[in-house]
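The structure under discussion appears below in the form of structure tokens.
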Amino acid sequence: MQRVEPQDFNRVLSSMCTEPHPAAREAAEEFLTTNPGDPGTYETVSELEQEAVDMLGTVTGLPNPAGYVTSGGTEANIQAVRIARNRADTDRPNMVAPESAHFSFNKAADILNVELRTTPTDEDHRADPEAVARAVDEDTAVVVGVAGSTEYGRVDPIPELADLANEVDALCHVDAAWGGFVLPFTDHRWHFGHADVDTMTIDPHKMGQAAIPSGGLVTHSKSLLDELAVETPYLESKSQATLTGTRSGAGVASAVAAMDALWPVGYREQYHESMANAEWLADRLAARGHDVVEPELPIVAADMSMPVTEDLRRRGWRVTKTGAGEMRVVCMPHVTRSMLRSFVAELDWF
Ligand code: 0PR
């Protein structure tokens with residue numbers, strides 16, 4: 001086969017994934033042939049998975065976490081809803097999520113036959129606890145909060161949402177798929193140590209700088225994870241909680257390698273650098289007369305009246321639009337200041 005370059009990150013401003021840390025890349029390659037779905041056979045990677053979960057617990061303020069390394073945020077969100085549905089004492093379960101929640105919750109609702117009730121966000125794109133309070137009832141299995149939203153990088157008021165979940169005996173799930181590796185360095189109250197959170201999504205393959213596929217589902221107790229267990233008669237292990245069967249050991253090993261290398265110093269430095277880049281870009285765009293959604297985490301959205309994504313795309317840039325039509329730039333680790341400088345300079349062409 002002719003060698004093709006899989007991805008040049010040079011002009012990618014749209015992705016929530018990034019170039020893996022060198023140690024993560026190496027670990028991924030080393031563990032390519034292992035299958036953590038069969039822990040009786042592949043013991044080493046299985047031990048590594050527990051290490052990964054323990055480290056994710058450290059990042060999310062949870063001393064004795066139970067969970068596993070998923071294929072990504074979608075799987076972790078689906079499984080969190082599944083835990084809640086299985087545990088709920090109702091025939092007509094619903095979940096309540098802000099409209100800013102990722103579309104993986106629509107998939108979860110469809111697959112699991114759980115009614116999805118979306119609530120409006122406030123003027124700053126955060127979940128509105130009053131709207132959530134109006135939507136929950138005794139059939140609510142889970143209340144979802146987003147910590148680092150896909151479009152605007154906003155953090156929902158997690159303690160309030162967790163209280164609302166508690167009131168109706170529902171679980172509280174936090175989707176920190178993207179935000180989980182930057183939020184520890186902010187003042188936000190988002191994790192298990194800050195509120196009565198039951199389950200969380202946090203993806204090493206996004207801001208965690210691990211190789212794809214590496215997502216994370218973390219819960220505060222083994223009994224919650226056991227809601228997912230099915231019997232596995234012909235494996236050495238007796239049950240399996242994961243959604244997929246055969247899984248990539250590459251994701252597991254690279255998650256451990258990335259967190260080993262970067263937690264907490266490397267991630268902290270990256271957060272400050274990415275945040276400074278986001279603020280710089282927001283300032284430049286505002287100076288050009290654009291309406292900018294002030295970045296709270298390293299995502300910039302700006303009402304670009306003029307250069308549309310297709311024009312930029314033709315020039316090699318990868319940017320996406322929000323549902324409302326704003327241009328959106330995710331300041332991932334591969335997005336450097338010089339890259340942003342050339343981006344802003346090129347805007348002058350339009
Ligand atoms: N939760 C949140 C908050 C997310 O932002 C995403 C992905 C997910 C869950 C789902 O995660 P997985 O894609 O790992 O299953 N958000 C990005 C999006 O949908 C995913 C993405 C990643 C898009 C890389 C583009 C890209 O180049 O926009």
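Whatever order the structure lists them in is the order used to number ligands and atoms, beginning at 1. Just so you know, these numbers come straight off a predicted model, no measurement behind them. Along the sequence shown, residues carry numbers from 1.
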When you pair each N or O of ligand 1 with protein N or O atoms, which pairs come out under 3.5 Å?
residue	atom	partner	partner atom	Å
ligand 1	1 (N)	Asp175	OD1	3.3
ligand 1	1 (N)	Asp175	OD2	2.6
ligand 1	5 (O)	Thr150	OG1	2.7
ligand 1	11 (O)	Gly73	N	3.4
ligand 1	11 (O)	Lys206	NZ	2.8
ligand 1	14 (O)	Gly73	N	3.0
ligand 1	14 (O)	His205	NE2	3.0
ligand 1	14 (O)	Lys206	NZ	2.8
ligand 1	15 (O)	Gly73	N	3.4
ligand 1	15 (O)	Thr74	N	2.8
ligand 1	15 (O)	Thr74	OG1	2.6
ligand 1	19 (O)	His102	NE2	2.9
ligand 1	27 (O)	Ser15	OG	2.9

* Decide side chain to side chain donor-acceptor pair (under 3.5 Å) for Glu75 and Tyr68; before the verdict, give the C-alpha distance in whole Å, the side-chain angles of both, and the deciding distance to 0.1 Å. => CA-CA 11 Å; Glu75 181 183 341; Tyr68 72 94; 2.6 Å; yes

* Can Arg11 and Glu346 be counted as an ion pair, charged N to O under 4.0 angstrom? -> yes

* **Residue pairs fulfilling side-chain hydrogen bond (donor to acceptor under 3.5 Å, both in side chains) with at least one residue in residues 239-263, sequence neighbours excluded** => Glu49-Arg247

* Would you call the rings of Phe9 and His334 parallel, tilted or perpendicular if under 30° counts as parallel and over 60° as perpendicular? -> tilted

* Per the side chain to side chain contact (heavy atoms under 4.5 Å, CB included) rule, which among Thr150, Val319, Val293 passes with Arg328? -> Thr150

* Are side-chain N/O atoms of Glu296 and Tyr152 paired as donor and acceptor at under 3.5 Å? -> no

